[in-house]
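The structure appears below as structure tokens.
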Amino acid sequence: MNYHPKSDFMRVMFERGFVADCTDYQALDEALVKNLVPAYIGYDATAPSLHVGHLMNIMVLRWLQKTGHKPITLMGGGTTKVGDPSFRSEERPLLTPAAIDKNIDGLKQVFAKYLSYGDGKTDAIMLNNAEWLDGLNYLDFLRDIGRHFSVNRMLSFESVKSRLDREQSLSFLEFNYMILQAYDFLEIHRRYGCLLQMGGSDQWGNIINGIDLTRRVIDQEIFGLTTPLLTTSDGRKMGKSASGAVWLNGDMLSPYEFWQFWRNTTDADVGRFLKIFTELPVEECDRLGALGGSEINQAKILLANLATSLLHGAEAATAAEATAREVFEKGGIGDDLPTVTLEAGELAEGVGIVQLFVKAGLAASGKDAKRLILEGGAKVNDEIVTDTALRYGASHLVEPMKLTAGKKRHALVVLG
């Protein structure tokens with residue numbers, strides 16, 4: 001689009017590739033120029049950690065704060081009990097309140113790395129929508145809020161329509177989700193003067209509902225801004241690696257594995273990912289993204305170092321780079337490699353090579369591990385193995401055993 005933003009926040013959003021859609025670019029931009037704008041993103045607590053797929057929107061909140069506005073992180077303690085049906089083929093498993101609270105504790109760990117929380121004007125605040133959703137009176141809610149929603153319109157939203165078009169069940173519980181999320185926006189606006197809800201492009205319908213509800217109930221203009229669905233240049237959804245989700249909590253994915261994920265970025269994605277996941281100046285991101293040959297590898301290392309420093313700290317990034325250099329350039333065993341510890345009892349009858357690669361997170365399943373081995377992509381102590389029937393006992397683990405999948409993914413197996 002040809003719109004040239006006046007506010008620092010919107011300029012950064014456009015320059016770095018964060019914008020998919022906005023309800024009113026000009027009015028939002030003017031609001032950002034005139035006043036401090038509180039803005040929120042909601043996170044349902046469906047897992048004990050966020051993953052790389054969430055990182056784009058966390059960076060949006062970080063830039064919001066850096067440009068002088070107030071980020072609000074909303075934990076979905078209430079909405080997680082219902083489950084967001086957006087673009088899902090089946091209902092989410094229902095979690096107990098205790099499991100939801102435990103997951104929220106895990107999610108909180110990440111936000112403090114990217115945002116500054118406190119009582120200042122631009123300090124971030126963390127809310128939990130259970131605070132207002134858990135105590136709702138159903139009949140009052142239907143009368144005061146439900147009457148503003150057209151079922152015809154709700155059925156037309158792509159997130160719901162796609163499910164119904166495939167004749168897949170959509171429970172009444174899930175159908176309520178978009179009303180509850182809309183109510184969140186109204187409630188946060190009432191309590192904290194929040195003017196903007198942001199989220200991934202799959203949340204567009206839910207965000208529009210909140211804006212319409214707020215206009216109908218209290219006649220206030222508020223805004224929505226969405227980020228694009230992030231895919232890699234080969235079309236894969238961001239947030240997954242060959243061995244599963246790229247978690248942000250260090251106890252679920254080591255800083256080394258997180259670093260390695262960025263180091264393995266495809267050449268064509270380097271410039272774009274530097275803009276989104278680091279704070280490097282845009283011109284420098286473009287310059288590095290245009291490099292070719294072996295030079296692009298240095299750009300990937302910089303991307304890995306900067307992304308890892310933001311989440312895990314500079315020391316963790318330095319240690320990860322040193323381990324990678326030790327493993328790749330010198331053929332050694334780095335101190336920081338992900339490690340699987342086996343007890344002697346597990347090795348009484350030997351453990352199979354296929355099982356080892358799965359345990360180490362180098363293959364997602366036994367089938368994947370077998371394919372990796374048969375295609376010559378598996379190494380044990382830097383030697384290619386092609387026999388899927390190999391077994392290892394305690395005598396093989398006098399020294400740590402190094403497993404390698406492909407050229408760049410490694411793990412250690414040690415005796416406990």
Side-chain angles (χ1 to χ4, degrees), residues 1-43 53-74 111 114-116 120-125 185 188-189 192-212 214-215 220-231 238 269-290 303 306-307 310:
M1 66 174 286
N2 293 322
Y3 183 69
H4 299 291
K6 300 169 187 172
S7 67
D8 290 341
F9 176 67
M10 290 298 280
R11 179 181 51 76
V12 169
M13 290 299 97
F14 277 106
E15 285 179 353
R16 303 188 83 95
F18 284 110
V19 179
D21 215 337
C22 180
T23 51
D24 189 332
Y25 289 103
Q26 187 165 348
L28 173 59
D29 195 26
E30 288 171 0
L32 287 157
V33 169
K34 288 178 185 174
N35 302 299
L36 181 151
V37 171
Y40 90 96
I41 298 179
Y43 298 87
H54 295 105
L55 197 48
M56 185 180 198
N57 279 315
I58 295 175
M59 290 300 292
V60 167
L61 288 172
R62 183 175 171 87
W63 280 112
L64 182 84
Q65 188 169 49
K66 285 173 73 75
T67 54
H69 301 282
K70 191 175 190 70
I72 299 171
T73 44
L74 178 67
F111 292 107
Y114 292 89
L115 301 172
S116 174
K121 280 188 174 183
T122 63
D123 282 343
I125 56 173
F185 200 174
I188 299 172
H189 175 72
Y192 301 96
C194 182
L195 289 180
L196 172 64
Q197 183 184 356
M198 302 180 291
S201 56
D202 60 337
Q203 293 299 309
W204 181 250
N206 290 332
I207 292 172
I208 293 294
N209 273 333
I211 291 169
D212 285 350
T214 303
R215 180 176 50 78
Q220 287 287 317
E221 183 182 25
I222 55 179
F223 305 98
L225 177 72
T226 58
T227 54
L229 175 66
L230 196 60
T231 57
M238 186 74 175
D269 291 324
V270 172
R272 187 166 56 116
F273 286 2
L274 281 166
K275 287 180 188 175
I276 293 171
F277 298 109
T278 81
E279 294 170 341
L280 207 62
V282 170
E283 299 77 13
E284 183 66 359
C285 296
D286 287 334
R287 185 189 72 78
L288 290 166
L303 168 63
L306 292 174
L310 278 173

Original post:
Just wondering, do Phe9 and Val60 contact through their side chains at under 4.5 Å, heavy atoms?
Top reply: yes
Original post:
How close do Gln65 and Asp123 get, heavy atom to heavy atom, and via which atoms?
Top reply: NE2-CA, 3.6 Å
Original post:
In Å, rounded to the nearest 0.5 Å, how long is the span from OG of Ser116 to NZ of Lys66?
Top reply: 11.5 Å
Subject >> Minimum side-chain heavy-atom gap Glu284-Leu288 below 4.5 Å >> reply: yes
Original post:
Can you find a heavy atom in the side chain of Leu310 that is under 4.5 Å from one in the side chain of Met59?
Top reply: yes
Subject >> Shortest non-hydrogen contact between Leu28 and Met10, atoms and distance >> reply: CD2-SD, 4.1 Å
Original post:
Any idea which heavy atoms bring Ile207 and Leu225 closest together, and the distance?
Top reply: CD1-O, 4.4 Å
Original post:
Where do Thr226 and Ser201 come nearest, in terms of heavy atoms and distance?
Top reply: CB-CA, 3.9 Å
**OP:** Would you name the heavy atoms of Thr227 and Phe18 that are closest together and state the gap between them?
**Re:** CG2-O, 3.0 Å
**OP:** Quick one: pull up CD1 in Ile211 and CD1 in Ile222 and give me the separation to the nearest 0.5 Å.
**Re:** 5.5 Å
Original post:
Thr23: what forms a side chain to side chain donor-acceptor pair (under 3.5 Å) with it, not counting sequence neighbours?
Top reply: none
**OP:** Evaluate side chain to side chain contact (heavy atoms under 4.5 Å, CB included) for Asp286 paired with Lys275, printing each intermediate quantity in order.
**Re:** CA-CA 8 Å; Asp286 287 334; Lys275 287 180 188 175; 2.8 Å; yes
Subject >> Of all pairs that satisfy salt bridge (Lys or Arg N to Asp or Glu O under 4.0 Å), the ones with a partner from residues 9-34, not counting sequence neighbours >> reply: Asp8-Arg11, Arg11-Glu15
Subject >> Verdict with supporting geometry, Asn206 and Gln197, side chain to side chain contact (heavy atoms under 4.5 Å, CB included) >> reply: CA-CA 10 Å; Asn206 290 332; Gln197 183 184 356; 5.6 Å; no
Original post:
Relative to the ring of Tyr25, is the ring of Phe14 parallel (under 30°), tilted (30 to 60°) or perpendicular (over 60°)?
Top reply: tilted
Original post:
Partners of Phe277 by ring-ring contact (aromatic ring centres under 6.0 Å, His included), sequence neighbours excluded?
Top reply: Trp262, Phe273
Original post:
When rounded to the nearest 0.5 angstrom, what distance separates CG in Asn209 from CD in Gln203?
Top reply: 11.0 Å
Subject >> Atom pair CG/CG of Leu274 and Leu306 - distance to nearest 0.5 Å >> reply: 7.0 Å
**OP:** Check each of Leu61, Ile41, Ile58 against Thr73 using the side chain to side chain contact (heavy atoms under 4.5 Å, CB included) test, and report the only one that passes.
**Re:** Leu61
**OP:** Check whether the ring centres of Tyr43 and Phe111 lie less than 6.0 Å apart, and answer yes or no.
**Re:** yes
**OP:** Can you see which heavy atom on Pro228 is nearest to which on Val19, and at what distance?
**Re:** CD-C, 3.9 Å
Original post:
Passes side chain to side chain contact (heavy atoms under 4.5 Å, CB included), Phe185 versus Cys194? Steps please.
Top reply: CA-CA 8 Å; Phe185 200 174; Cys194 182; 4.2 Å; yes
Subject >> CG-CG distance between Leu195 and Leu36, expressed to the nearest 0.5 angstrom >> reply: 9.5 Å
Subject >> Check: Leu64 main-chain N/O paired with His69 side-chain donor or acceptor under 3.5 Å >> reply: no
